[in-house]
Amino acid sequence: MPGLQFADGVLARIRAVAGNDFDERAYLFVLEAIEYLQGKLDARRHVTGAELAWACRDLALERFGLMAATVLQAWKVRQTADFGRIVYALVSVGLLSVQPGDREEDFLDVYDFGAAFDVVGAIRWNPPSP
């Protein structure tokens, strides 16, 4: 993702629809998370909002480690619903598509950011047995 950027005018079109709610990198990150998720599937297919939200979490942890939540918050992404707002902004400018039945609400409360990115709490050291 480093060095990626939108072609001229694309970010302006996104901003016209979504305002300045999120950093440009948040939009690029979601696009990358889609590819990340597709790479883990047996075959390319449409993915659900929940699947994409979890892929965003996994990619953030893989890419940013302990700083994952901090990076996302710096981009103004603070809850899974924000991923939905990003996706639907990308849909509105033609970069993504949806299928019948898809809703922005599919991203609502998929997981709690505090718990999902608490890798410190999940890491446990088990000393070797004597």
Side-chain angles (χ1 to χ4, degrees):
M1 190 173 91
L4 288 180
Q5 62 185 35
F6 286 112
D8 289 340
V10 175
L11 184 59
R13 288 179 24 227
I14 293 169
R15 296 266 186 249
V17 171
N20 291 320
D21 290 348
F22 305 106
D23 188 285
E24 175 182 12
R25 292 168 291 188
Y27 295 99
L28 293 167
F29 178 80
V30 167
L31 291 171
E32 186 177 5
I34 293 168
E35 288 304 310
Y36 172 85
L37 175 55
Q38 291 291 346
K40 295 192 173 296
L41 300 174
D42 292 334
R44 291 186 74 84
R45 64 169 173 81
H46 180 75
V47 298
T48 68
E51 288 174 322
L52 180 53
W54 282 108
C56 288
R57 176 213 178 252
D58 293 348
L59 179 60
L61 287 171
E62 187 176 300
R63 169 98 14 88
F64 307 117
L66 297 174
M67 296 297 295
T70 302
V71 170
L72 291 173
Q73 287 176 7
W75 296 344
K76 301 179 185 172
V77 177
R78 296 179 176 95
Q79 57 188 337
T80 59
D82 292 334
F83 293 130
R85 292 176 55 214
I86 290 168
V87 164
Y88 276 81
L90 295 170
V91 167
S92 70
V93 298
L95 292 177
L96 294 177
S97 62
V98 293
Q99 291 187 348
D102 287 345
R103 303 170 310 135
E104 189 173 332
E105 293 79 20
D106 295 340
F107 292 86
L108 188 62
D109 298 324
V110 175
Y111 53 80
D112 174 80
F113 258 47
F117 292 103
D118 183 14
V119 293
V120 173
I123 298 173
R124 300 281 186 259
W125 180 67
N126 292 319
S129 299

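- Side-chain atoms of F83 and F107, non-hydrogen and from C-beta on, do get closer than 4.5 Å to each other.
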Show me the side-chain donor-acceptor pairs of residues 93-103 shorter than 3.5 Å, one per line, residues at least two apart or across chains.
| unit_1 | atom_1 | unit_2 | atom_2 | d |
| --- | --- | --- | --- | --- |
| D102 | OD1 | H46 | NE2 | 3.2 |
| D102 | OD2 | H46 | NE2 | 2.8 |
| D102 | OD2 | Q99 | N | 2.7 |
| R103 | NE | D106 | OD1 | 3.4 |
| R103 | NH2 | D106 | OD1 | 3.3 |

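- Between F29 and F64, the angle of the ring planes lies from 30° to 60°, which puts this pair in the tilted group.
- From M67, atom CE reaches atom CG of L72 across 11.0 Å, with rounding to the nearest 0.5 Å.
- Looking at L59 and L37, their side chains never come closer than 4.5 Å, going by heavy atoms from C-beta outward.
- With sequence neighbours left out, R15 forms a side-chain hydrogen bond (donor to acceptor under 3.5 Å, both in side chains) with N20.
- How far CZ of R25 is from CD of E32: 13.5 Å, rounded to the nearest 0.5 Å.
- There is no path of hydrophobic side-chain contacts, each under 4.5 Å, that joins L52 to L108.
- Following chains of ILVMFWY side-chain contacts shorter than 4.5 Å, one can reach F22 starting from V10, so the two form part of one hydrophobic cluster.
- Side chains of K40 and Q38 form no contact here, defined as non-hydrogen atoms less than 4.5 Å apart.
- Here R45 pairs with E51 in a salt bridge; the nearest charged N to carboxylate O distance falls below 4.0 Å.
- Within the 4.5 Å cutoff, no side-chain heavy atoms of F113 are placed close to those of R57.
- Panel note: side chain T80, backbone A53; no donor-acceptor pair is recorded below 3.5 Å.
- Under the 30°/60° scheme for interplanar angles, the aromatic rings of W54 and Y111 are found to be tilted.
- Here I86 contributes atom CD1 and Y27 contributes atom OH; the two are 6.0 Å apart, rounded to the nearest 0.5 Å.
- Nearest heavy-atom pair, C56 versus A33, reported as atom, atom and distance to 0.1 Å: SG-CB, 3.7 Å.
- Of all heavy-atom pairs between A26 and V77, the closest is CB-CG2, 3.9 Å.
- Follow the hydrophobic side-chain contacts under 4.5 Å out from Y36 and you reach V87 in the same cluster.
- In this structure, R78 and D82 have side chains that are in contact, with non-hydrogen atoms separated by less than 4.5 Å.
- When side chains are defined from C-beta on, D21 does not count as touching K76, because their heavy atoms never get closer than 4.5 Å.
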